[in-house]
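One structure is given below, encoded as structure tokens.
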Amino acid sequence: QVIGVGTFLLLVGISIVLGLVLALIYACKNKTTKSFTMTLSMLPALVCVVIMMVKGNIGAGVAVAGAFSLIRFRSTPGTAKEIASIFLAMAVGLIMGMGYIGFAVLFTIILGLFMFCLNFIGLKTKGYCKEKTLKITIPEDLNYTEVFDSILTKYTKMYELIHIKTTNLGSLFKLTYNVTIKDEKSEKAMIDELRLRNGNLKIALMRQENKNYDL
């Protein structure tokens with residue numbers, strides 16, 4: 001079936017509008033970048049064009065699978081919310097490419113309103129996170145292999161030295177540990193003992209970064 005120029009422009013135009021709506025909704029109450037906002041805006045139109053070009057062709061399934069696989073190979077790993085937004089934009093483009101304008105608009109309104117409401121609910125993870133990253137600066141003449149073991153054993157359930165870096169022209173070492181704190185109230189006592197051991201140099205304790213990236 002040949003797609004007319006008018007139909008092509010109509011579907012692409014509506015896809016762009018729906019993409020802009022999704023991008024604006026996502027940007028509300030969410031930290032985002034210009035490149036991600038532009039991607040979210042253009043994605044429905046891009047998927048729409050792909051689906052229109054392969055409609056009725058045996059390669060349609062391969063084309064759709066290939067388009068969705070591009071998500072995994074983004075230059076920067078994304079959060080679960082970003083990936084969900086990308087799937088939403090692609091779903092809108094898929095519906096538009098099949099020619100179901102009304103369903104695409106309705107789907108955008110329903111999921112857009114749902115996402116908008118979630119942004120204002122402000123769901124937060126409550127409670128204390130025991131998994132921490134501990135960074136300790138020590139002088140070069142301090143043997144770091146076992147110097148903090150007794151302290152970390154006392155205040156943590158588990159600890160692992162994951163990174164060692166020299167700094168200040170080699171006169172200092174920066175050690176990075178992944179630790180699981182036994183009791184949140186003992187953090188200050190642990191840091192005080194570490195300061196006595198490392199000569200009162202810089203110590204940082206922070207929430208452990210998630211390296212798995214919820215994809």
Side-chain angles (χ1 to χ4, degrees), residues 23-40 69-88 114-215:
L24 291 174
I25 292 175
Y26 180 84
C28 180
K29 297 290 184 177
N30 287 314
K31 292 182 179 180
T32 185
T33 62
K34 182 179 179 180
S35 61
F36 183 75
T37 303
M38 291 177 61
T39 300
L40 208 57
S69 69
L70 292 176
I71 296 175
R72 180 63 184 87
F73 299 101
R74 293 173 60 228
S75 58
T76 304
T79 64
K81 185 181 291 186
E82 289 175 335
I83 298 302
S85 300
I86 291 176
F87 269 110
L88 173 58
F114 180 67
M115 186 165 59
F116 185 80
C117 292
L118 289 179
N119 286 338
F120 280 91
I121 289 176
L123 295 177
K124 296 182 179 179
T125 302
K126 295 183 178 180
Y128 175 75
C129 180
K130 294 185 177 182
E131 286 71 33
K132 302 281 188 177
T133 296
L134 175 66
K135 296 185 178 183
I136 308 174
T137 302
I138 63 173
E140 62 175 340
D141 58 348
L142 186 63
N143 186 0
Y144 57 79
T145 53
E146 297 179 352
V147 66
F148 301 115
D149 285 1
S150 60
I151 300 175
L152 295 177
T153 300
K154 178 180 177 181
Y155 291 103
T156 69
K157 295 179 180 179
M158 182 277 297
Y159 65 91
E160 179 185 9
L161 180 61
I162 60 172
H163 188 256
I164 304 169
K165 178 182 178 182
T166 61
T167 185
N168 198 25
L169 298 178
S171 62
L172 299 174
F173 282 88
K174 287 188 175 181
L175 312 180
T176 302
Y177 292 86
N178 278 343
V179 300
T180 302
I181 304 296
K182 290 181 180 179
D183 183 2
E184 60 179 300
K185 297 179 181 179
S186 65
E187 280 188 1
K188 184 179 184 304
M190 180 183 70
I191 293 175
D192 286 341
E193 290 191 29
L194 291 172
R195 287 194 303 112
L196 294 175
R197 196 72 59 89
N198 80 329
N200 206 27
L201 293 175
K202 184 178 180 180
I203 295 176
L205 183 66
M206 63 201 73
R207 181 184 294 270
Q208 194 173 118
E209 294 181 2
N210 180 12
K211 296 298 183 182
N212 293 324
Y213 299 107
D214 298 328
L215 298 179

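Remark: Lys202 NZ is loosely packed, at most 12 non-hydrogen atoms of other residues, nucleotides or ligands lying under 6.0 Å away. Within 6.0 Å of the CG atom in Leu169, the count of heavy atoms belonging to other residues, nucleotides or ligands does not exceed 12. Counting heavy-atom neighbours within 6.0 Å of Tyr155 OH, excluding the residue itself, gives a total above 12. By the 6.0 Å contact criterion, CE on Met158 is enclosed, its count of non-hydrogen atoms from other residues, nucleotides or ligands being greater than 12.
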List the steps and the verdict of side-chain contact (heavy atoms from CB on, under 4.5 Å) for Leu134 and Leu205. CA-CA 5 Å; Leu134 175 66; Leu205 183 66; 4.0 Å; yes
side-chain contact (heavy atoms from CB on, under 4.5 Å) assessment of Asp149 paired with Tyr159: CA-CA 9 Å; Asp149 285 1; Tyr159 65 91; 3.4 Å; yes
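Of the inter-residue distances, the one linking Ile191 atom CD1 with Ile203 atom CD1 reads 6.5 Å to the nearest 0.5 angstrom. Atom CD in Glu160 sits 12.0 Å away from atom CG in Leu152 (nearest 0.5 Å). Separation of atoms NZ (Lys132) and CE (Met206) is listed at 10.0 Å; rounding is to 0.5 Å. Summarising the geometry, atom CG belonging to Asn200 is positioned 11.5 Å from atom CG belonging to Leu194; distances are rounded to the nearest 0.5 Å. Distance check, rounded to the nearest 0.5 Å: CG of Leu175 to NE2 of His163 gives 10.5 Å. Taking CD1 of Ile164 as the reference point, atom OG1 of Thr145 lies at 9.0 Å (rounded to 0.5 Å).
Classification of the Phe148-Tyr177 ring pair by plane angle, with boundaries at 30° and 60°, yields perpendicular.
Across all non-hydrogen atoms, the minimal contact from Thr176 to Leu161 is O-CD1, 3.5 Å. The nearest pair of heavy atoms linking Ser85 to Leu40 is O-CD1, 3.5 Å. The two atoms that bring Glu193 and Ile151 nearest to each other are O-CD1, 3.6 Å, heavy atoms only. Across all non-hydrogen atoms, the minimal contact from Asp183 to Ile181 is O-CG2, 3.3 Å. Closest non-hydrogen pair, Thr166 versus Gly170, comes out as CB-CA, 4.3 Å.
Looking at heavy atoms from C-beta onward, Val179 lies out of side-chain contact with Met190 at the 4.5 angstrom threshold. Between Phe114 and Ile25 the shortest side-chain heavy-atom distance does not fall below 4.5 Å.
At distances below 3.5 Å, not a single donor-acceptor pair connects side-chain atoms of Lys182 with backbone N or O atoms of Lys130. Panel note: side chain Arg197, backbone Val147; a donor-acceptor pair is recorded below 3.5 Å. Side-chain atoms of Asn198 do not come within 3.5 Å of backbone N or O of Ile138 as any donor-acceptor pair.
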